[in-house]
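A short worksheet on the structure shown next.
No hydrogens, no waters, no symmetry mates; every other heavy atom, side chains included, goes into these values.
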Amino acid sequence: MNSTCDVSKINENNVVTFVRRYGESHCPSVGCIVDGCPPGMELTEDDIQPQLSRRRPGQSALTTPLLTQAAQQRNEKDRVQIQSGTEFGITLGTPIGLIVRNEDQRPKDYGGGSMDSFPRPSHADYTYREKYGIGASSGGGRSSARETIGRVAAGAIAEKYLFIAHNITITAFVSSVGSIHLFPPTSAHPSPSTNPAFLSLLQTIDRETVDSFTPVRCPDANAAERMAEAIADYRDRKDSIGGTVTCVIRNVPTGLGEPVFDKLEAMLAHAMLSIPATKGFEVGSGFSGCEVPGSIHNDPFIRAPATLSPLTANPLPRPRLTTKTNNSGGIQGGITNGSPIYFRVAFKPPATIGQAQHTALYDGDEGILEAKGRHDPCVVPRAVPIVEAMAALVVMDALLAQQARQTARSLLPALNMGKTAGGTRVVEKEVEGNDGSVPC
């Protein structure tokens, strides 16, 4: 299930699975078609619904609030229905069709007034109209975050396979809102990657813990309270604020990623920056790692014993080595090294705010826009499952590509790995003679 599939295919040669999404903010339904899901996996709506429920609007007073006195929170249940690709709760290997009906769409909130005449500042209204010559005035149409429903639904399918097959877990959480950080940079730890508390959190954090800190989903009571207060303050002032989401992926096998242009961090960056409102991406130590000398930033290798997955009889192909530190974020040379992958995604303040804004109409005349509709004052609490979904789709595709490579390689004659006196490894391939014997 390639995260880049309808997001914009980076390299079709590496597409193992395909996700085609459809729908706008206020049309009758949204959904997707997932092609390439392995057959024989148990799958029902109950496997998909939890992530959609975490993403849906109206979860709290901090999400999708009032912009006008007459409006109400958007009340969508986001109930998913599987239309095809399964029988008796088992995947068939054929395309899986998923649909979610928009039950509370209100295009009238956007039409017949100033919202039709103005491109919203920093919104996609203007650029979509420039590209297509027409645009959906209601809720931003295709540029609305409502289109991420298909991503989250497809990602839930990918996650289930990853967990069953390899015990891979993916957990995201809010790491900052405005200037309030879960792990503020310090002189000792300019990057969270060197902060023992942050690294410890990455080893243990799970979704149940993250969701216990709703509505913000920051796994620290003090920071979550301050973030909630900040979001409420901007909401009450008819304003908005941005933030960041951190994601960790654990138990990832080594060898995932396709150099040179399809490095795993490149694929993750492409997937994350395709999410509406994103403005930045960093993996491992990220930009703050530039402030750390190489003698500290380098991740020394240490021996790592093999482990067994507790959920499957098949041993996970754990590497012989792991790293003592993890400034690389689990990826080196664009290929996974077996350590946890972690990255951070930046989200800008939502563009649609209730304050009157001096700007220009589509015809160029100056005017004052007073936006209507129902919009979040901060998107990061609801972005958490979207980030997880896109991460799952990227890892799923990379994993299936690597499994295909390993299967093809396993059909070739075995190689004997020799070692010279100087320590340089050489490869000796056993070649059969005409009589079937191996020459000396």
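Residues that satisfy the ring-ring contact (aromatic ring centres under 6.0 Å, His included) test with Y132, not counting sequence neighbours, are Y128. Evaluation of the side-chain contact (heavy atoms from CB on, under 4.5 Å) rule for P349 yields S240 as partners, not counting sequence neighbours. With sequence neighbours excluded, the residues that form a side-chain contact (heavy atoms from CB on, under 4.5 Å) with R226 are I180, N222, A223. Considering only residues two or more places apart in sequence or on other chains, K263 meets the salt bridge (Lys or Arg N to Asp or Glu O under 4.0 Å) condition with none of them. By the side-chain hydrogen bond (donor to acceptor under 3.5 Å, both in side chains) test, T204 is found to be paired with no residue, residues two or more places apart in sequence or in another chain being considered. A398 meets the side-chain contact (heavy atoms from CB on, under 4.5 Å) test with L256, L264; sequence neighbours excluded. For P95, the side-chain contact (heavy atoms from CB on, under 4.5 Å) criterion is met by I33, D35, not counting sequence neighbours. Contacts of F183 classified as ring-ring contact (aromatic ring centres under 6.0 Å, His included), with partners at least two apart in sequence or in another chain: F198. Taking E147 as the reference, R21, R151 meet the salt bridge (Lys or Arg N to Asp or Glu O under 4.0 Å) condition, with sequence neighbours excluded. The ring-ring contact (aromatic ring centres under 6.0 Å, His included) test applied to F343 returns F281, not counting sequence neighbours.
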(request) Could you give me the CA-CA distance, side-chain angles and deciding distance for T91 and Y161, then say whether side chain to side chain donor-acceptor pair (under 3.5 Å) is met? (result) CA-CA 11 Å; T91 58; Y161 176 85; over 6 Å; no

(message) Pair T254, T336 - check side chain to side chain donor-acceptor pair (under 3.5 Å), show working.
(response) CA-CA 5 Å; T254 58; T336 56; 5.8 Å; no

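For Q51 and E388, the side-chain atoms include at least one donor-acceptor pair closer than 3.5 Å. If you check the side chains of S175 and T246, you find a donor sitting under 3.5 Å from an acceptor.
Using a 4.0 Å cut-off between charged side-chain N and carboxylate O, K238 and E370 make no salt bridge.
Figure legend: R129 and Y126 shown without cation-pi pairing, the cationic atom not lying both under 6.0 angstrom from the six-membered ring centre and within 45 degrees of its axis.
More than 12 heavy atoms of other residues, nucleotides or ligands lie within 6.0 Å of OH in Y362, so this atom counts as buried by the packing criterion.
Between the OG1 atom in T359 and the CZ atom in R120 there is a gap of 12.0 Å [rounded to 0.5 Å].
Screening residues 78-95 for salt bridge (charged side-chain N to carboxylate O under 4.0 Å, His left out), with sequence neighbours left out, gives R55-D78, D78-R146, R79-E103. The salt bridge (charged side-chain N to carboxylate O under 4.0 Å, His left out) analysis of residues 279-292, with sequence neighbours excluded, yields the pairs E282-R344.
Here the rule is side chain to side chain contact (heavy atoms under 4.5 Å, CB included) with V216, and of E225, M227, E229 only M227 fits it.
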